[in-house]
Amino acid sequence: MMDFYKYEEHTGLYNMNFDSYLLDSAVKNQSLIPVLRLYGWKPACVSLGRNQNPQDIDLEYCHKNEIDVVTRATGGRALLHNDEITYSFICPVSAIENGNSVVNSYKEISKALIFGFKTLDIELDTVSKKQFDVKHSYCMLISTGADLCFNGKKLIGSAQLRKQGYILQHGSVLISYNKKHIENIFKENFNTGSITCISEIRSELTRKDIAKAIETGFKKYYG
C-alpha cells in the first residue's frame, strides 16, 4: 500500500514545506506506508541545496523575471524548476532492501522510475560511475550516481534527505528547459549536450502521460 498525492502546481515555498511536512509526519507517526507526491512549480523557482550559498546564482535576475528562490531540505546544487514534473518519495529505510546504504537506496528507488518510463517506451539507465564536477552551480550539469539518463544524457536528477530512519527523495523530470534563463541565473555557459528532456525524446507526451508513468512505476514496487 502507498499513499499517493496526484500532480498539482504550487509555489516553491509550498512545495518544499509540504515535502518536509510529509517527512516529519512519517517520522512522528512511525508510518510504514510509503508516500509518493507529484508536483509542479508556479511560478518558476530556483531551489538551492541545503548548504548552498545564494550568491551562486543571480538573485537580481530571478527577481526581475519573477522567478522564486527557495532552499531545499536536501543537499546538492541549485536547480531551476520550470517546465518539469517533480516527484517526492518518502518511506522508512526498512522499506528498501539494504536501505541503510545511500547508494543502494538510489538504485532501488530508480527501479520504479525506470519501470514507469518503460511504459512510455523510454528506456532509462543509471550513471555507471559518479562524476562530480564542482565547477557547476546548476545541478543538472553535475553527473552523479543518483541520475537517470536517456542515451547517455541526464533526464532525471534526484537528491535525498534522511531523518530518524526515514528517507525523503525528490527529483526533477525535465519536460523542457530555458537555456537563456539557466545561463543568466547560474552565470555560466550551458552545454546542452549533457542533458535531455521529454520534449526532445517524445514531444507528443503530455504532463498527464508522464505523471501516470511515474505513478505506475512506484505502485509496482511500493503500492
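When reading the values below, keep in mind they use all heavy atoms of this one structure, side chains included, and skip hydrogens, waters and symmetry mates.
Side-chain contact between Arg37 and Asn15 is present, with at least one heavy-atom pair separated by less than 4.5 Å. Residues Ile210 and Ile175 have side chains in contact (heavy-atom distance under 4.5 Å, counting atoms from C-beta outward). Counting only heavy atoms from C-beta outward, the side chains of Glu183 and Glu188 never approach each other to under 4.5 Å. Taking the side chain as every heavy atom from C-beta outward, Leu155 and Leu148 never approach each other to under 4.5 Å. At a threshold of 4.5 Å between non-hydrogen side-chain atoms, the residues Glu84 and Ile156 do not count as touching. In this structure, Lys153 and Ile195 have side chains that are not in contact, with every pair of non-hydrogen atoms separated by 4.5 Å or more. Using a 4.5 Å cut-off on side-chain heavy atoms (C-beta onward), Ser88 and Tyr5 make no contact. Residues Thr11 and Cys45 have side chains not in contact (no heavy-atom distance under 4.5 Å, counting atoms from C-beta outward).
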As a quick check of understanding, evaluate side-chain contact (heavy atoms from CB on, under 4.5 Å) for Lys42 and His10, giving each step before the final call.
CA-CA 5 Å; Lys42 192 173 182 178; His10 297 284; over 6 Å; no
So Ile67 and Leu80, side-chain contact (heavy atoms from CB on, under 4.5 Å) or not? Walk me through it.
CA-CA 9 Å; Ile67 298 170; Leu80 172 62; 4.1 Å; yes
side-chain contact (heavy atoms from CB on, under 4.5 Å) for Val93 and Ile167? Distances and angles first, verdict last.
CA-CA 6 Å; Val93 169; Ile167 296 170; 3.9 Å; yes
Go through the steps to decide whether Val102 and Arg162 satisfy the test side-chain contact (heavy atoms from CB on, under 4.5 Å), and finish with yes or no.
CA-CA 9 Å; Val102 174; Arg162 289 171 174 243; 3.6 Å; yes
Ring pair (Phe, Tyr, Trp, His ring centres under 6.0 Å) between Phe150 and Phe117, worked out:
CA-CA 10 Å; Phe150 176 78; Phe117 277 86; 9.8 Å; no
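Rounded to the nearest 0.5 Å, atoms CE (Met16) and NE2 (His81) are 6.0 Å apart. Atom OG1 of Thr119 and atom CD1 of Ile214 lie 10.0 Å apart (nearest 0.5 Å). One finds the CD atom of Gln55 at 6.5 Å from the NZ atom of Lys187 (value rounded to the nearest 0.5 Å). Distance check: Leu38 CG to Lys212 NZ gives 11.0 Å after rounding to the nearest 0.5 Å. Atoms CZ and NE2, from Phe186 and His181 in turn, are 11.0 Å apart once rounded to the nearest 0.5 Å. Remark: Ile96 CD1 to Ile109 CD1 distance equals 3.5 Å, nearest 0.5 Å.
Residues Leu124 and Leu113 share a closest heavy-atom pair of CD1-O, 4.3 Å. A pairwise comparison of heavy atoms in Asp68 and Gly12 identifies OD2-N, 4.5 Å as the closest pair. Across all non-hydrogen atoms, the minimal contact from Leu79 to Ser172 is CD2-OG, 3.1 Å. Minimum interatomic distance between Arg72 and Gly76 (heavy atoms only, all atoms of both residues): NH2-C, 3.7 Å. Nearest approach of Tyr7 to Ala211, heavy atoms of both residues: CB-CB, 4.4 Å. Nearest heavy atoms, Met2 versus Lys219: CE-CG, 3.5 Å.
Atom NZ of Lys6 sits in a sparse spot, with 12 or fewer heavy atoms from other residues, nucleotides or ligands closer than 6.0 Å. More than 12 heavy atoms of other residues, nucleotides or ligands shown are found within 6.0 angstrom of CD on Gln30. For Glu204, the CD atom is densely surrounded, since the number of other residues' heavy atoms within 6.0 Å is greater than 12.
Using cut-offs of 30° and 60° on the angle between ring planes, the pair Tyr222 and Phe89 is tilted.
With Asp56 as reference, Asn53 is the one residue of Asp58, Asn53, Leu59 to meet the side-chain contact (heavy atoms from CB on, under 4.5 Å) rule. None of Asp24, Leu22, Leu23 except one satisfies the side-chain contact (heavy atoms from CB on, under 4.5 Å) rule with Leu168; the exception is Leu23.
Taking the centre of each ring, Phe18 and Tyr39 stay at or above the 6.0 Å mark.
Arg202 places no side-chain N or O within 3.5 Å of a backbone atom of Ile122 that could act as its donor or acceptor partner. When atom types are taken as modelled, the side chain of Asp147 and the backbone of Lys154 share no donor-acceptor pair closer than 3.5 angstrom. A donor-acceptor pair under 3.5 Å is absent between the side-chain atoms of Asn51 and the main chain of Gly75, judged by distance alone.
Looking at Tyr87 and Ser158, their side chains do bring a donor and an acceptor atom within 3.5 Å of each other. Inspection of the Glu200 and Tyr177 side chains reveals an N or O donor paired with an N or O acceptor under 3.5 Å. If you check the side chains of His170 and Asp19, you find a donor sitting under 3.5 Å from an acceptor. Asn17 and Ser20 form no side-chain donor-acceptor contact under 3.5 Å, judged by distance and modelled atom types alone.
Grouping the Ile, Leu, Val, Met, Phe, Trp and Tyr side chains by contacts below 4.5 angstrom, directly or via other members, places Val70 apart from Ile182. Linking Ile, Leu, Val, Met, Phe, Trp and Tyr residues whenever their side-chain heavy atoms come within less than 4.5 Å places Leu120 and Tyr221 in a single cluster. Val27 and Ile33 fall into different hydrophobic clusters, where Ile, Leu, Val, Met, Phe, Trp and Tyr residues are linked whenever their side-chain heavy atoms come under 4.5 Å apart, directly or through other members. Both Ile114 and Phe218 belong to a single network of hydrophobic side chains, linked directly or stepwise wherever heavy atoms of I, L, V, M, F, W or Y lie under 4.5 Å apart. In this structure, Tyr61 is a member of the same hydrophobic cluster as Ile57, with clusters built from ILVMFWY side-chain heavy atoms closer than 4.5 Å.
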